[in-house]
Amino acid sequence: MVRFFLGFLVLQAVLFGAELTPWAQRWFVLPWTDSLAAISADVVKVFDPGVIAEGKVLQSANNGFAVSIEAGCNGVEATIVLIAAMLAFPATWKRKLAGLVIGIVAVQGLNVIRVISLFYLGQWNQEAFEFAHQYVWQALIMLNVLIVWLLWVRTLPRAAIAPVPG
Amino acid sequence: MRGTSLGGFVLRVAVWLPPAFLVWYMAGPLFAFPIGLLTHGVARVGFADIVQGVEQHGYLITIVSTLKATFATTENPAGGVVSVELNALLYSYGFPMLAALILAARQPQALRKILLGYVVLAPFVTWSLMAEFLKRVTFDIAPSVAAQAGFGPLQREAIAFAYQFGALILPTVAPAVFWVLTHRRFLEGFAGGEAAAQKPSQ
C-alpha cells in the first residue's frame, strides 16, 4: 500500500507537471479540449440543433450563451489521476492498459455530461451554474475516477496482479 | 470483507452527497474559520515580508499585503496596499465529498474520521489559498506589484505550479487519498478477495 501511494503521488506530480508545459498544452491539452467541445456539441445537436462548437467554446446560436472549457473542466486532470492510480497499482500491463482505455472513456463520458449540463444550467440560472461548476461537478468527477478505479481493482484476477516485492 | 457491494456503496454516496454539500455550504463560514486562522499563521510565518494581515468575512479570506498598488486597479481603486480576497469554498469542496464517502462506507467511527479528515485536509486548503494569493500578486494584479514581491524566475514557476496543483489536484485528490488510507480494510472487500490476496501492509 505504501509503495502504491508513493508511486501514485510521484506519477501524478510528474504527469501534472508535464501537462503544464507549453508543448503539452499546445499538442495535447488544447486539441483534447477542442475535441471535448466538438463531441459535446454533437451530442447536444441530437436534441438541440442550435448549438455550435468553436474551438473550446460551446455556444447557443439561439441566445448567444456560451461556455468556454478551461483547465479543470476538460477532464485532463481527472484522467491524470486515474492514469497514476492504475499505473501505480500492482497489476499486469495488459490489465492496466485495458483499465486505462475503459476508464478514460468513462471519465470523459461523464465529463461530456458535465459540460452539457453546465451549458444548460448557465442558460437557466447563473447562481446554480456557479455552484455546480465550482463545487459539485468537481467533486462528482473525482468520485467517478474513484469508482472507476474501484471497479477496475475489483475486476483484477489473482493471476493478473503482478507480484509485489518486499 | 468479501462481497462488498460496489453498487450499494455508490448509491449510498449519491444519497449522502446532497446533504453533505448542503451542510458544508450552509456552514461555510464555520468551516472556513480555522482555515482562516491557519492561513493567517502560515502567511505571517512564511510570508511576513509581503503579508501584513489576514481578515475573514464568512468564507471569504482577505490577505492584506505590504505591497503598494502604485496605481489604481480594480482590486485596489484607492491605490493603497494590495489586498487579495480569496474564497475558501473554492478549495474545500472535497470536505462534503469525503463526508459522503465516509458515511457511505458505513465503517466504525465515521464521525471521528470526518473530523480527522477536516483536520488533515485544512492545511491543503491553506496551501491552495496561499498559492492563489501568491499567483495573483505575481501574475494578475500589476507588474509593479509583482516587482515589489521580488520573486525570481524559478520562484514564479514554482508559484504557478503550486497554484495549478492547489486548484486542480489537491481539492479532490487529497480527500480521496485520505479516504482510501482510512478505509483500507473496506477496500479489500472491493478487491473481491483477489487483489486482497496481495495483503497490502496495514
Side-chain angles (χ1 to χ4, degrees), chain A residues 1-5 8-9 12-13 15-17 19-21 25 70-78 80-82 84-85 89-91 95 130-164 166, chain B residues 3-7 9-10 13-14 17-18 20-21 24-25 28 87 89-101 104 157 160-161 163-165 167-177 179-181 183-184 186-202:
Chain A
M1 186 62 108
V2 173
R3 177 170 295 206
F4 162 66
F5 267 105
F8 168 69
L9 294 175
Q12 185 187 237
L15 290 171
F16 184 67
E19 184 217 339
L20 296 179
T21 60
Q25 288 289 319
E70 301 294 336
C73 293
N74 54 15
V76 172
E77 290 77 22
I80 283 173
V81 173
L82 184 70
F89 199 80
R95 291 278 171 174
E130 293 296 340
F131 189 82
H133 172 233
Q134 293 180 327
Y135 312 130
V136 177
W137 266 115
Q138 305 282 22
L140 289 179
I141 292 291
M142 187 49 61
L143 280 174
N144 187 36
V145 170
L146 184 63
I147 290 163
V148 166
W149 180 75
L150 288 173
L151 270 171
W152 174 74
V153 168
R154 195 180 183 86
T155 63
L156 292 178
R158 187 188 302 261
I161 301 172
V164 182
Chain B
T4 303
S5 164
L6 184 57
F9 170 69
V10 172
V13 171
L17 206 53
F21 259 104
W24 163 80
Y25 191 69
N87 179 357
L89 295 181
L90 273 180
Y91 306 112
S92 62
Y93 54 79
F95 290 144
M97 182 185 103
L98 177 64
L101 282 168
E157 289 294 324
F161 183 84
Y163 168 71
Q164 297 280 359
F165 197 73
L168 301 174
I169 298 285
L170 281 182
T172 49
V173 172
V177 168
W179 181 79
V180 170
L181 283 173
H183 292 76
R184 282 176 288 181
F186 175 73
L187 290 170
E188 284 178 23
F190 280 131
E194 291 174 320
Q198 288 295 308
K199 295 285 181 199
S201 56
Q202 295 292 314

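To find a chain, count down the sequence lines: A is the first, B the second, and so on, and within it residues start at 1.
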**Request:** Could you list the residues that satisfy side-chain contact (heavy atoms from CB on, under 4.5 Å) with A:V148, not counting sequence neighbours?
**Result:**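 Residues passing side-chain contact (heavy atoms from CB on, under 4.5 Å) with A:V148: A:L82, A:M86, A:A106, A:N144.
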Can you say whether [X] sits under 4.5 Å from chain A via the side chain, the backbone, both, or neither, judging by heavy atoms?
X: B:L90; value: both
X: B:L89; value: both
X: B:F165; value: both
X: B:V13; value: side chain

**Prompt:** Where the side chain of A:E77 meets the backbone of B:I169, is there a donor-acceptor pair that is under 3.5 Å apart?
**Reply:**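 Not confirmed, A:E77 side chain does not pair with B:I169 backbone.
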**Request:** List in chain and number order the residues that pass side chain to side chain donor-acceptor pair (under 3.5 Å) with B:S92, two or more places apart in sequence or in another chain; answer none if no residue qualifies.
**Result:** B:W24
**Message:** So that I know where these two stand, are B:F186 and B:F9 an aromatic pair - ring centroids less than 6.0 Å apart?
**Reply:** yes
**Message:** Ring centroids only, cut at 6.0 angstrom: are A:W137 and B:F21 within range, meaning strictly under it?
**Reply:** no
**Message:** Parallel, tilted or perpendicular: which one describes the rings of B:Y93 and A:Y135, with boundaries at 30° and 60°?
**Reply:**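 If you compare the ring of B:Y93 with that of A:Y135, the planes turn out tilted.
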Relative to chain B, which segment of [X] carries a heavy atom at a distance below 4.5 Å: side chain, backbone, both, or neither?
X: A:F5; result: side chain
X: A:L151; result: both
X: A:V76; result: neither

